[in-house]
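Notes follow once the structure below has been shown.
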Amino acid sequence: MKLSINRESEIPLHDQLVTQIALLIAAGVIKSGQRLPSVRALAQQLDVHRNTIAAVYNALEQDGVVTIKAGSGVRALEQQTTGAWKEGVALKHLATQFVAEAREHGHGDDALREAFELALRPPRIERLLVVDPHADFHPVYRHELTRSFRMPVETRTLDQLDDAVLTGSLLLTSVYHLAPLRARIGTAPVIVFQVNAAESLLARVKALPDGHTLGLISVSDTLRRMAKEVFAGLRGEKLLLLEAHPQDEAALKALVRLSDVLLVDSPSQLDVRRLSPKPTWDFQLIPDESLRSLAQHLPSEAFVGAHPGAAT
């Protein structure tokens with residue numbers, strides 16, 4: 001597990017580590033169920049106090065990203081697949097058990113046949129529905145998905161979910177938010193996507209000369225905060241970070257003027273390019289691999305394609 005910390009940064013080590021580990025899990029770099037280093041081992045690796053690492057792991061557990069159990073240590077959240085087969089259970093046995101239980105409840109053969117026929121028909125998907133507690137991420141998801149799929153895209157926080165919007169929706173969320181979503185909707189099917197690990201982008205940031213200014217432009221306050229925490233651990237005070245919301249015209253113009261390189265989310269790219277010819281690094285929140293994986297759950301004509309030219 002590769003982590004970077006910077007003790008000279010104004011961002012606390014705790015926040016640097018929580019964000020980095022959470023992103024590694026959300027991006028699939030740390031696999032589902034994978035064991036993380038012990039508190040002692042990670043503290044020694046990073047040369048920080050054990051209490052700091054313990055607090056980091058506790059924060060991740062509270063967010064539902066990891067589990068902490070005596071004897072098995074700290075592990076990334078185990079993704080539960082809806083309707084997963086139980087080992088050694090034959091299809092014929094499952095069908096027989098279902099029919100027996102249905103008959104016990106008074107259902108006849110005609111009703112059973114109708115139920116099976118309905119179950120075998122693929123559900124009609126009317127929209128993609130992304131669930132993320134951070135509402136400021138929603139415009140990013142909508143922009144990236146609508147340019148890759150020919151179908152409506154909606155976004156909701158957990159509190160905004162109801163039966164009306166769930167009907168006809170293909171639910172999408174990141175592994176970071178899977179646990180609270182499962183608690184809200186039970187066993188309903190959910191497609192879990194990975195977020196962009198942005199390894200090549202991080203390498204480019206790491207290679208910037210000392211004293212350079214990197215401008216962060218995003219419609220999401222949370223995304224800008226997370227980027228600052230990651231870059232603080234990566235470069236600390238050797239790299240000046242500026243940030244702006246694209247709708248804050250005065251701040252945006254000042255940022256463009258002062259920055260050597262601009263890091264821009266997908267909804268902001270056109271506006272920034274109209275404003276400045278400076279080098280622009282585009283950031284795509286959902287990687288192409290996740291988009292192609294999502295396309296397998298939809299009619300072939302719904303997928304426009306991965307967006308070319310985005311940083312991955």
- Item | Pair Lys228 + Glu243: basic N to acidic O under 4.0 Å | yes
- Minimum heavy-atom distance between Asp221 and His245, given as atom pair plus value: OD1-CD2, 4.4 Å
- Can you find a pair of side-chain heavy atoms, one from Leu170 and one from Leu294, that are under 4.5 Å apart? yes
- Query: Any side-chain heavy atom of Val195 sitting closer than 4.5 Å to one from Ile286?
  - Reply: no
- Task: Compare all side-chain heavy atoms of Arg292 with those of Gln296 and state whether any distance is below 4.5 angstrom.
- Result: no
- Message: If the threshold is 4.0 Å, N to carboxylate O, is there a salt bridge linking Glu249 and Lys253?
- Response: yes
- Query: Any side-chain heavy-atom pair from Asp265 and Leu216 closer than 4.5 angstrom?
  - Reply: no
- Message: How long is the straight-line distance from NE2 of His297 back to CG of Leu172, given to the nearest 0.5 Å?
- Response: 9.0 Å
- Message: If the threshold is 4.0 Å, N to carboxylate O, is there a salt bridge linking Arg156 and Asp132?
- Response: no
- Might you point out which heavy atoms bring Leu60 and Ala22 nearest each other, and give the distance in Å? CD2-CB, 4.0 Å
- Query: Which value, rounded to the nearest 0.5 Å, describes the distance between Phe137 atom CZ and Met226 atom CE?
  - Reply: 5.0 Å
- Query: Quick one: are Val74 and Glu61 in side-chain contact, heavy atoms under 4.5 Å?
  - Reply: no
- Message: Salt bridge or not between Asp136 and Arg225? Use side-chain N to carboxylate O under 4.0 Å.
- Response: no
- Message: Test salt bridge (charged side-chain N to carboxylate O under 4.0 Å, His left out) on Arg235 and Asp210; report intermediate values, then the result.
- Response: CA-CA 9 Å; Arg235 296 296 305 273; Asp210 291 351; 2.7 Å; yes
- Cluster question for you: counting only ILVMFWY and a side-chain heavy-atom cut-off of under 4.5 Å, with indirect links fine, are Leu77 and Ile30 together? yes
- Query: Rounded to the nearest 0.5 Å, how far apart are CG of Leu161 and CG of Leu171?
  - Reply: 6.5 Å
- Should the ring pair His134 and His177 be called parallel, tilted or perpendicular, given that the plane angle runs from 0 to 90° and is split at 30 and 60? perpendicular
- Message: Assigning hydrophobic clusters by single linkage (Ile, Leu, Val, Met, Phe, Trp, Tyr; side-chain heavy-atom cutoff under 4.5 Å), is Phe231 placed with Ile217?
- Response: no
- Message: Is there a side-chain contact between Tyr176 and Ile25 in this structure, where contact means two heavy atoms from C-beta onward sitting under 4.5 Å apart?
- Response: no
- Between Arg150 and Glu301, the two heavy atoms sitting closest are NH1-O, 2.9 Å
- Calculate, to the nearest 0.5 Å, the distance between atoms CD1 and CG belonging to Ile53 and Leu13 respectively. 8.5 Å
- Item | Heavy-atom side-chain contact between Pro267 and Val140 under 4.5 Å | yes
- Message: Surrounding NZ of Lys278 (heavy atoms of other residues, nucleotides or ligands, distance under 6.0 Å), is the total greater than 12?
- Response: yes
- Message: Is any side-chain heavy atom of Val175 closer than 4.5 Å to one of Ser32?
- Response: no
- Interatomic spacing from CG in Leu262 to CZ in Phe283 - rounded to 0.5 Å: 15.5 Å
- If you measure only the distance, is there a donor-acceptor pair under 3.5 Å linking the side chains of Asp288 and Gln284? yes
